[in-house]
A.B. asks: 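So that we are looking at the same thing, I have put the structure below in structure tokens.
Here the structure is a predicted model, which is why all the values come from computation and not from measurement. Counting begins at 1 with the first residue of the sequence. Below, all heavy atoms of this structure are taken into account, side chains as well, without hydrogens, waters or symmetry copies.
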Amino acid sequence: MNLDNFKETWQQQNSDAAAITINQTMLTNMKVNKQVKALNNMKWARIIESVAFFAIIVLLGQYIATDFSLSAPTISAVVLTIFAIVGLAGNIGQIVLISKIDYAKPVSHLQKDIYRVCSHKLQLTKLLLMSVPFYLAYVFIGFDVLVGIDLFPHLEQHMIWFYSLSSLLFLVVTTTLLAKLHYNNIEISWVKNTIRVIVGERLVNMAQFINNIESTNR
């Protein structure tokens with residue numbers, strides 16, 4: 001191979017390498033742009049949810065103020081108000097996290113910020129799911145609002161025991177399952193499907209994208 005052919009081959013290889021680098025950069029930018037769009041959609045969803053939680057807090061506050069006593073419906077309203085406040089605070093916190101993301105950062109830092117937002121959303125959802133064992137609160141308020149009856153005094157003793165034990169069982173099961181519900185366990189089928197249902201497909205894709213980047217860096 002003469003010198004001219006060698007130079008031509010060398011330039012071609014450099015050109016191919018540059019093209020590969022450019023294509024990788026474009027692919028990364030496309031993925032980041034998709035994440036940015038998903039985050040903007042998420043931000044608006046959290047704003048709408050915050051308005052809904054605020055309305056629930058106001059309605060429950062009015063309900064409690066109307067009959068401030070130690071009745072089952074009032075206590076139930078207090079419990080649900082606490083969860084609503086947690087939901088409102090959590091949504092506001094996530095809006096702040098999304099607003100603070102600096103898209104000018106390197107991709108690795110940006111993905112860590114996105115991961116922090118995703119983790120925050122999942123933790124908030126898990127906290128709200130802890131209201132499941134308190135399902136009787138919804139029942140008591142529902143009877144009082146729709147029928148005007150305080151259900152608790154009309155329950156027989158064995159039904160009170162049944163509802164108490166079922167609530168305790170729900171609490172144990174819910175706590176156990178939520179402890180496993182984490183992005184680190186995204187490869188487990190039921191964890192992936194559950195996160196997809198309660199948080200959204202786009203967050204599952206974010207988690208997988210982030211895990212792939214972290215695996216590559218390691």
A.B. asks: With rounding to the nearest 0.5 angstrom, report the NZ to CD distance, Lys126 to Gln123.
C.D. replies: 4.5 Å
A.B. asks: Among Tyr138, Tyr63, Phe140, find the one that has a side-chain contact (heavy atoms from CB on, under 4.5 Å) with Ser76.
C.D. replies: Phe140
A.B. asks: Quick one: pull up CG in Leu127 and CG in Leu178 and give me the separation to the nearest 0.5 Å.
C.D. replies: 9.0 Å
A.B. asks: Using the side-chain contact (heavy atoms from CB on, under 4.5 Å) criterion, which residues pair with Phe54? Sequence neighbours excluded.
C.D. replies: Val58, Leu88
A.B. asks: My understanding is that a hydrophobic cluster links ILVMFWY residues whose side chain heavy atoms are under 4.5 Å apart, including indirect links. Using that, what else belongs to the cluster containing Val51?
C.D. replies: none
A.B. asks: Can you measure from CG (Leu136) to OG (Ser166) and round to the nearest 0.5 angstrom?
C.D. replies: 6.5 Å
A.B. asks: Quick one: do Leu177 and Leu122 end up in the same hydrophobic cluster if we chain Ile, Leu, Val, Met, Phe, Trp and Tyr together by side-chain heavy atoms under 4.5 Å apart?
C.D. replies: yes
A.B. asks: How about Leu128 and Phe53: do any of their side-chain heavy atoms sit closer than 4.5 Å?
C.D. replies: yes
A.B. asks: Within a strict 4.5 Å, meaning less than it, do heavy atoms of the Ser50 and Ile95 side chains meet?
C.D. replies: yes
A.B. asks: For Leu59, which residues count as a side-chain contact (heavy atoms from CB on, under 4.5 Å) partner, sequence neighbours excluded?
C.D. replies: Gln62
A.B. asks: If the condition is side-chain contact (heavy atoms from CB on, under 4.5 Å), which residues does Ser164 pass it with, not counting sequence neighbours?
C.D. replies: Ile160
A.B. asks: What pairs with Phe134 under ring-ring contact (aromatic ring centres under 6.0 Å, His included), at least two apart in sequence or on another chain?
C.D. replies: Phe83
A.B. asks: Quick check: is Leu168 connected to Trp161 through a chain of hydrophobic side chains (ILVMFWY, heavy atoms under 4.5 Å apart)?
C.D. replies: no
A.B. asks: Shortest non-hydrogen contact from Gly90 to His120?
C.D. replies: O-CE1, 2.9 Å
A.B. asks: Enter the distance from Ile64:CD1 to Ile75:CD1 here, rounded to the nearest 0.5 Å.
C.D. replies: 10.5 Å
A.B. asks: Tell me whether the count of non-hydrogen atoms from other residues, nucleotides or ligands lying under 6.0 Å of CH2 in Trp190 goes above 12.
C.D. replies: yes
A.B. asks: So does Tyr135 have more than 12 non-hydrogen atoms from other groups sitting under 6.0 Å from OH?
C.D. replies: yes
A.B. asks: Taking all heavy atoms of Leu124 and all of Gly87, pick out the closest pair and write down the distance.
C.D. replies: CD1-CA, 4.0 Å
A.B. asks: Do Val173 and Ile188 sit in one hydrophobic cluster, given that two such residues count as connected whenever their side-chain heavy atoms are within less than 4.5 Å of each other, even indirectly?
C.D. replies: yes
A.B. asks: Between Glu49 and Lys121, is a salt bridge (Lys or Arg N to Asp or Glu O under 4.0 Å) present by the stated rule, with each step listed?
C.D. replies: CA-CA 12 Å; Glu49 288 179 6; Lys121 172 58 181 174; 3.7 Å; yes
A.B. asks: Between Leu171 and Met130, is there a side-chain heavy-atom distance shorter than 4.5 Å?
C.D. replies: yes
A.B. asks: Same cluster or not: Leu155 versus Val139, using hydrophobic residues (I, L, V, M, F, W, Y) connected whenever any side-chain heavy atoms lie under 4.5 Å apart?
C.D. replies: yes
A.B. asks: How many angstroms lie between atom OH of Tyr163 and atom NE2 of His158, to the nearest 0.5 angstrom?
C.D. replies: 9.0 Å
A.B. asks: Listed by chain and number, what are the side-chain contact (heavy atoms from CB on, under 4.5 Å) partners of Ile85, not counting sequence neighbours?
C.D. replies: Ile57, Thr81
A.B. asks: If hydrophobic clusters are built by linking Ile, Leu, Val, Met, Phe, Trp and Tyr wherever their side-chain heavy atoms come under 4.5 Å apart, do Ile149 and Leu146 end up in the same one?
C.D. replies: yes
A.B. asks: Heavy atoms, side chains only, cut-off 4.5 Å: are Leu181 and Thr194 in contact?
C.D. replies: yes
A.B. asks: Starting at CD1 of Ile56, measure out to CG of Leu80 and round the result to the nearest 0.5 Å.
C.D. replies: 9.0 Å
